[in-house]
Every structure is written in C-alpha cells, then in structure tokens.
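What follows is a set of notes on a single structure, which appears directly below.
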Amino acid sequence: MGLKLYNTLTKAKEDFAPLDPARVRMYVCGPTVYDYAHIGNARPVIVFDVLYRLLRHLYGADRVTYVRNITDVDDKINARAVRDYPGVPPVEAIRELTESTYAQFQKDVADLGNLAPTVTPRATEHIAEMIAIIERLIAGGFAYAAEGHVLFHVPADADYGKLARRSLDDMIAGARVDVAPYKRDAMDFVLWKPSTPDEPGWESPWGRGRPGWHIECSAMAWKHLGETFDIHGGGIDLVFPHHENEIAQSCSAFHTPIMAKVWMHNGFLQVEGEKMSKSLGNFVTIRELLNDWPGEVLRFTMLRTHYRQPIDWTVRGMEESWRTLDDFFAIAADAEPSGLGAGVLEALEDDLNTPRAIAELHGLRQDPAALSASLQLLGFLGESAQSWASRRPAADVDAAAVDALITARLAARKAKDFAASDRIRDELAAMGVLLKDGKDPATGEPITTWEVKR
RNA sequence: GGCCACGUGGCGGAGUGGUUACGCAGCGGAUUGCAAAUCCGCGUACGGGGGUUCGAUUCCCUCCGUGGCCUCCA
C-alpha cells in the first residue's frame with residue numbers, strides 16, 4: 001500500500017515519495033544538552049527511530065540519511081557552564097559541559113534500542129554555515145543588522161505562519177514578544193546576537209557574537225541534507241516558533257518554496273496524569289528509569305500510543321509492557337527471524353501506527369519467526385530469551401534451596417503425598433517463588449520450573 | 001484573549017457512517033491430584049445536548065472537561 005505520513009504542513013495524511021528517488025533525507029531536532037535528558041526527550045528519538053528503521057526497510061539501509069542534531073549553545077547551557085566550569089574560557093566551558101551531557105544522552109538513547117543516526121551534528125561546529133545563511137538573508141532583503149544583532153524581518157516573508165497556521169495579526173494580538181528598540185517589527189526574531197566577553201562567542205561580520213536558536217537547524221540541515229529534503233521531525237511544541245522560523249530562514253535564503261516536504265510532530269507526554277515539571281517533582285530522567293526498567297520496556301511503553309497522541313507515562317503502563325515483552329521474548333527471542341508480518345508493516349506504513357502494529361504482533365504468537373522479524377523491525381529483541389528473563393530484579397531467593405525443595409516436592413507427588421507436596425509449594429510461595437509444573441516432552445516425566453513472583 | 005489537539009468498555013489503546021480491534025485485568029471452560037502456566041470462550045464501550053442521515057461512536061453545531069501552543073521547552 002505504500003508509506004503514508006501525516007504532514008503538519010497540510011494537516012493531512014499523504015502518500016510519501018522522496019524528492020530524490022535514490023535517497024531519503026530526514027532531519028530531527030534533538031535536545032538541548034545541559035543536563036540529563038528526561039523521558040519526554042526520549043519520545044521523538046524513539047518515534048523517529050522507528051520511522052528510520054521503516055524507511056531503511058522500504059528504501060534500503062544505505063539510502064536513508066538521518067540527521068539528528070544537538071544544540072550545544074544556548075543560554076541555559078551558558079549559565080550551567082559558568083556555574084560548573086569557573087575560570088574556563090566560555091567556548092571551551094560549554095564544549096566541556098556539552099561533551100559530558102551529550103555522552104550521557106547518547107548512552108541513554110542507545111539503551112532505549114535506537115540506532116545511531118547517520119549524522120549527529122553540533123550547532124557549534126556549524127557557525128560558518130550559519131553566518132553564510134545569514135549573509136544570504138541580508139543580501140536578499142530578509143534580514144538586517146542592528147546594534148550588533150542580526151534579525152530576520154518577518155514581514156519580508158509572505159509565507160510566514162504557514163506551518164503553525166497563524167496570521168501575523170493573530171500573533172501580534174496575543175504577542176508577548178520582546179519589543180527591542182532595534183527591531184523593525186515586533187515579530188522579527190534574532191539570527192545573531194552579540195556576546196559579552198564572558199559569554200561564548202564567535203567572530204562574525206557583525207562582531208563577536210552567537211547564533212539565535214533557530215538558525216542552527218537551518219544551517220545543519222543545509223550542510224548535511226541540502227537546501228530541501230524530505231522529512232523534518234520533532235516535538236509538537238517546536239511547531240511554533242522554532243520550525244516556523246526555520247522554514248522562514250531556509251526558504252528565504254535558498255529561494256525555495258519548501259524546506260522539508262513533510263513535517264512530523266510527536267505529541268506531548270504527561271507523567272501519571274500530570275504535566276511533567278521540576279516544580280511538581282515528577283520530572284523523570286531517562287537514566288532514572290533505566291535504573292529500574294529495561295530499555296525495551298520504556299521503548300515498548302512509548303510505542304503503545306500513537307506518536308501524535310498525548311501519552312500518559314505511568315508505572316502501571318511500564319509493568320504491563322514488561323509482561324507483554326516477557327511473553328514476546330519467550331516466544332520469539334531465540335527464533336530465526338523470517339517473514340515479516342504483513343499486518344505489522346501495513347500498520348507502520350499507515351503513519352507509523354505502532355499501536356496497531358503491536359496488536360498485529362499479538363496475532364503472530366503462533367509464528368515465532370515472523371514475530372521475531374517484526375519485533376526486530378521495531379527495534380526489539382536486542383538479547384536472548386534467557387538474558388531477558390534474567391533482567392527481573394533478583395529477589396533474595398536461594399536457587400539451590402529452591403531446587404532442593406522442588407526435588408522434594410516431586411518426590412512427594414510421585415508418592416501421591418499431596419499434602420506434603422502442597423506444603424512445599426506454599427513454602428516456596430511464601431519465599432516469592434512461583435512454580436510451573438509440566439511434563440518432559442521426551443520422557444513424559446513430570447518436571448517443575450519456577451520463577452520469581454512479581 | 002487568540003490558535004490547536006483530545007475525551008472510546010474496570011484499565012491501556014486502535015479504528016470506522018451500518019459487521020469482533022487488540023492487550024491487561026475479570027469471569028466461564030479445557031487441562032491439573034489441587035494449583036500455576038497454557039489453550040478455548042465471554043463483555044458489547046464510544047463526554048452531554050442538538051442536527052444531517054434509512055442509520056453516527058464515526059459528519060456538522062453547541063456545551064462541558066482535559067491538555068498544548070502563543071515566552072525557553074520533545
């Protein structure tokens with residue numbers, strides 16, 4: 001049936017076809033790295049990783065270019081660097097800070113089962129490209145320099161507001177924008193701003209300064225994907241102003257009608273029914289969750305909700321995911337993958353309908369090979385069934401003692417002393433051990449396995 | 001105030017103008033010495049009120065509720 005994706009630009013699900021049939025190009029806005037990443041940061045990473053895997057499956061692994069940037073210059077980073085690296089020159093200080101927070105982020109997302117993107121550019125390594133775009137914008141009459149700043153002149157872009165669907169009048173009416181004296185229009189936004197000596201700064205035609213937030217993505221997408229490309233993704237909160245401004249910058253600089261063909265946005269995440277915020281004390285980092293839960297449990301929980309829907313992140317949801325994955329791992333982890341489930345692929349091609357894909361997975365339980373292949377397409381089954389089973393927190397259970405009791409119970413059962421047998425089972429239950437009786441398929445002899453109750 | 005999402009059975013969560021989503025939990029059955037595990041089966045839900053229609057959970061209007069954006073934010 002072919003891939004269909006919902007496009008924020010048109011508010012419709014569209015058939016997807018790459019601009020260049022030979023390759024697919026995707027850009028996703030990554031995090032601003034100044035501290036541990038939170039679970040909300042994980043959502044776009046996981047969602048677009050599934051899309052990346054799907055595109056690789058459909059178009060070939062070497063024909064998809066996936067760029068996910070990190071923002072490593074920003075006022076929160078600057079402030080944190082001043083605090084943590086006193087006396088270090090500012091550009092080096094933010095580099096040291098983001099070097100460590102970025103390494104942490106990479107580890108977090110790898111543990112969530114995400115493939116590494118093709119390129120993970122940093123803003124600070126693309127200052128030259130940013131300056132080049134800003135110069136083109138000035139030359140084209142879309143931007144102007146004033147008091148060490150360079151500003152994008154919003155009224156110069158007739159298409160401004162197309163993505164977020166806002167008219168300039170609406171924006172001005174509800175505006176709480178900075179009204180700076182050097183701005184020609186209240187909506188104009190900063191491309192470049194001057195830095196004081198203790199702030200990070202780079203030499204530019206407008207003096208030593210640093211970039212505004214939006215220009216970095218225009219620069220990095222241009223450098224690694226070209227003037228136009230296929231898919232641009234990120235959280236729904238980025239639609240305005242970040243993505244709107246990126247479009248304005250790139251389209252104006254390169255005189256193109258589009259920056260990316262398809263704009264995709266994932267929904268927000270709440271924690272236990274409440275907005276996640278540091279003040280509410282429910283701010284959950286990926287690292288904290290990974291201490292208690294396997295990465296695949298977090299990944300599965302994320303994919304149980306369609307990416308455009310809001311998701312309520314709960315412990316109960318993670319528990320349910322873990323149980324389901326236990327089942328899938330037991331069936332499929334050691335199976336040779338083959339014959340991807342058709343229903344799974346169809347669901348994913350329908351705007352990444354992962355909940356439906358998961359429903360299809362349940363239908364594949366009688367087909368371990370297809371279940372395995374399908375789970376792998378979604379980025380699961382990163383370990384053996386045995387290794388997965390051992391991820392349950394080890395209770396204080398003495399395995400040798402348990403085995404001894406089970407042997408005794410088997411003897412009692414053989415002797416038809418069921419009172420004794422049940423007594424031993426109760427004893428084990430009190431220790432938190434759950435028994436499963438069965439028969440050896442070869443000999444027909446009764447055998448008993450056990451696991452820690454949860 | 002402006003703009004925009006969402007509201008589905010006990011819970012999670014798809015989808016659709018008229019036939020079972022699916023999963024978890026629950027219940028019944030098979031199995032078992034009894035259980036557990038497993039297998040089979042069962043629920044008949046779409047926020048309130050109007051309207052369009054032969055028929056709406058699905059389309060339109062409106063009300064209520066929740067959340068988001070408009071300022072840094074995935």
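So you know, we letter chains A, B, ... as the sequences are listed, proteins then strands, and number each from 1.
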Pairing donors with acceptors under 3.5 angstrom, does anything connect the side chains of [X] and [Y]?
X: A/Y160; Y: A/N245; answer: yes
X: A/S250; Y: A/S218; answer: yes
X: A/E360; Y: A/S374; answer: no
X: A/H243; Y: A/H214; answer: no
X: A/D326; Y: A/W388; answer: yes
X: A/H38; Y: A/T285; answer: no
X: A/H232; Y: A/Y27; answer: no
X: A/T98; Y: A/R122; answer: yes
X: A/N78; Y: A/D75; answer: yes
X: A/D312; Y: A/T314; answer: no
X: A/Y36; Y: A/D108; answer: no

Using a 4.0 Å heavy-atom cut-off across all strands, classify [X] as base, sugar-phosphate, or nothing.
X: A/Q309; result: sugar-phosphate
X: A/L269; result: base
X: A/H38; result: base
X: A/K11; result: sugar-phosphate
X: A/L238; result: sugar-phosphate

_So that I can compare with my own list, what are the stems of RNA chain B, taken as at least three consecutive Watson-Crick or G-U pairs with distances under 3.5 Å?_
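Stem list for RNA chain B: B:1-7 with B:64-70, B:10-12 with B:22-24, B:26-30 with B:38-42, B:47-51 with B:59-63.
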
*5'-most by nearest nucleotide on RNA chain B - A/G317 or A/G267*: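 Result: A/G317.
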
*RNA chain B: A/P241 or A/G30, which has the more 5' nearest nucleotide?*
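The residue closer to the strand's 5' end, by nearest nucleotide, is A/P241.
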
Can you tell me how far [atom2] of [N] sits from [atom1] of [X], to the nearest Å?
X: A/W313; N: B/G13; atom1: CH2; atom2: P; result: 12 Å
X: A/N41; N: B/A74; atom1: CG; atom2: P; result: 5 Å
X: A/Y160; N: B/C70; atom1: OH; atom2: P; result: 11 Å
X: A/D312; N: B/G68; atom1: CG; atom2: P; result: 12 Å
X: A/N245; N: B/U71; atom1: CG; atom2: P; result: 11 Å
X: A/D351; N: B/A14; atom1: CG; atom2: C1'; result: 13 Å
X: A/E244; N: B/U71; atom1: CD; atom2: P; result: 13 Å
X: A/E319; N: B/G12; atom1: CD; atom2: P; result: 14 Å

_Checking A/S195 against A/R210 for the side-chain hydrogen bond (donor to acceptor under 3.5 Å, both in side chains) test, could you report, in this order, the C-alpha distance in whole Å, the side-chain angles of both residues, the deciding distance, and whether it holds?_
CA-CA 6 Å; A/S195 291; A/R210 60 193 193 282; 3.1 Å; yes

*Distance from A/S372 atom OG to A/L381 atom CG, nearest 0.5 Å?*
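The CG atom of A/L381 is 5.0 Å from OG of A/S372, to the nearest 0.5 Å.
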
*So does A/K162 pair up with A/E244, basic N to acidic O under 4.0 Å?*
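No.
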
All N/O pairs under 3.5 Å across the protein-nucleotides 30-34 of chain B interface:
from, atom 1, to, atom 2, distance (Å)
B/G33, O6, A/S421, OG, 3.1
B/G33, N1, A/D422, OD1, 2.9
B/G33, N2, A/D422, OD1, 3.4
B/G33, N2, A/D422, OD2, 2.6
B/C34, O2, A/R425, NH1, 3.4
B/C34, O2, A/R425, NH2, 2.6
B/C34, N3, A/R425, NH1, 2.8

*salt bridge (charged side-chain N to carboxylate O under 4.0 Å, His left out) with A/K4: which of A/D351, A/D15, A/D350?*
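The passing option is A/D15.
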
Using the [atom1] atom as the point on both nucleotides, what is the distance between [M] and [N], in whole Å?
N: B/G41; M: B/A21; atom1: P; value: 15 Å
N: B/C3; M: B/A14; atom1: C1'; value: 28 Å
N: B/G65; M: B/G28; atom1: C1'; value: 38 Å
N: B/C60; M: B/G17; atom1: P; value: 12 Å
N: B/U8; M: B/G48; atom1: C1'; value: 15 Å
N: B/A74; M: B/G43; atom1: C1'; value: 38 Å
N: B/G7; M: B/C59; atom1: P; value: 11 Å
N: B/C27; M: B/G15; atom1: P; value: 31 Å

*Would you indicate, yes or no, if B/A74 has its OP1 or OP2 atom less than 4.0 angstrom from a side-chain nitrogen or oxygen of A/T32?*
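Yes, within the criterion.
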
_B/G68, OP1 or OP2 - any side-chain N/O from A/K275 closer than 4.0 Å?_
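So the side chain of A/K275 is within the cut-off, an N or O lying under 4.0 Å from OP1 or OP2 of B/G68.
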
*Kindly state whether the ring of A/H224 and the ring of A/H126 have centres lying under 6.0 angstrom apart.*
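Ring centres of A/H126 and A/H224 closer than 6.0 Å.
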
*So which of residues 67-85 of chain A are in contact with RNA chain B, with a heavy-atom cut-off of under 4.0 Å?*
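Those residues are A/K76.
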
*Can you see which heavy atom on A/R68 is nearest to which on A/P121, and at what distance?*
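Result for this residue pair: O-CD, 3.6 Å.
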
*Do A/R413 and A/F418 meet the cation-pi criteria used here (NZ or CZ under 6.0 Å from the six-membered ring centre, within 45° of the axis)?*
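A/R413 over A/F418 ring: no.
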
*Can you pull the ring pair (Phe, Tyr, Trp, His ring centres under 6.0 Å) pairs that have at least one residue in residues 285-305 of chain A, sequence neighbours excluded?*
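Those involving residues 285-305 of chain A are A/W293-A/W322, A/F300-A/F380.
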
List every contact pair, protein side and nucleotides 42-45 of chain B side both N or O, where the distance is under 3.5 Å.
none

*Answer yes or no as to whether B/G68 has its base stacked against A/F268, where stacking requires a ring-centre separation under 5.5 angstrom and planes under 30 degrees apart.*
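A stacking contact does not exist, since A/F268 is not both close and nearly parallel to the base ring of B/G68.
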
*In the 5'-to-3' direction, what one-character label does each nucleotide of nucleotides 19-24 of chain B receive under the scheme B = base within less than 4.0 Å of a protein heavy atom, S = sugar-phosphate only, - = no such atom?*
--BSBS

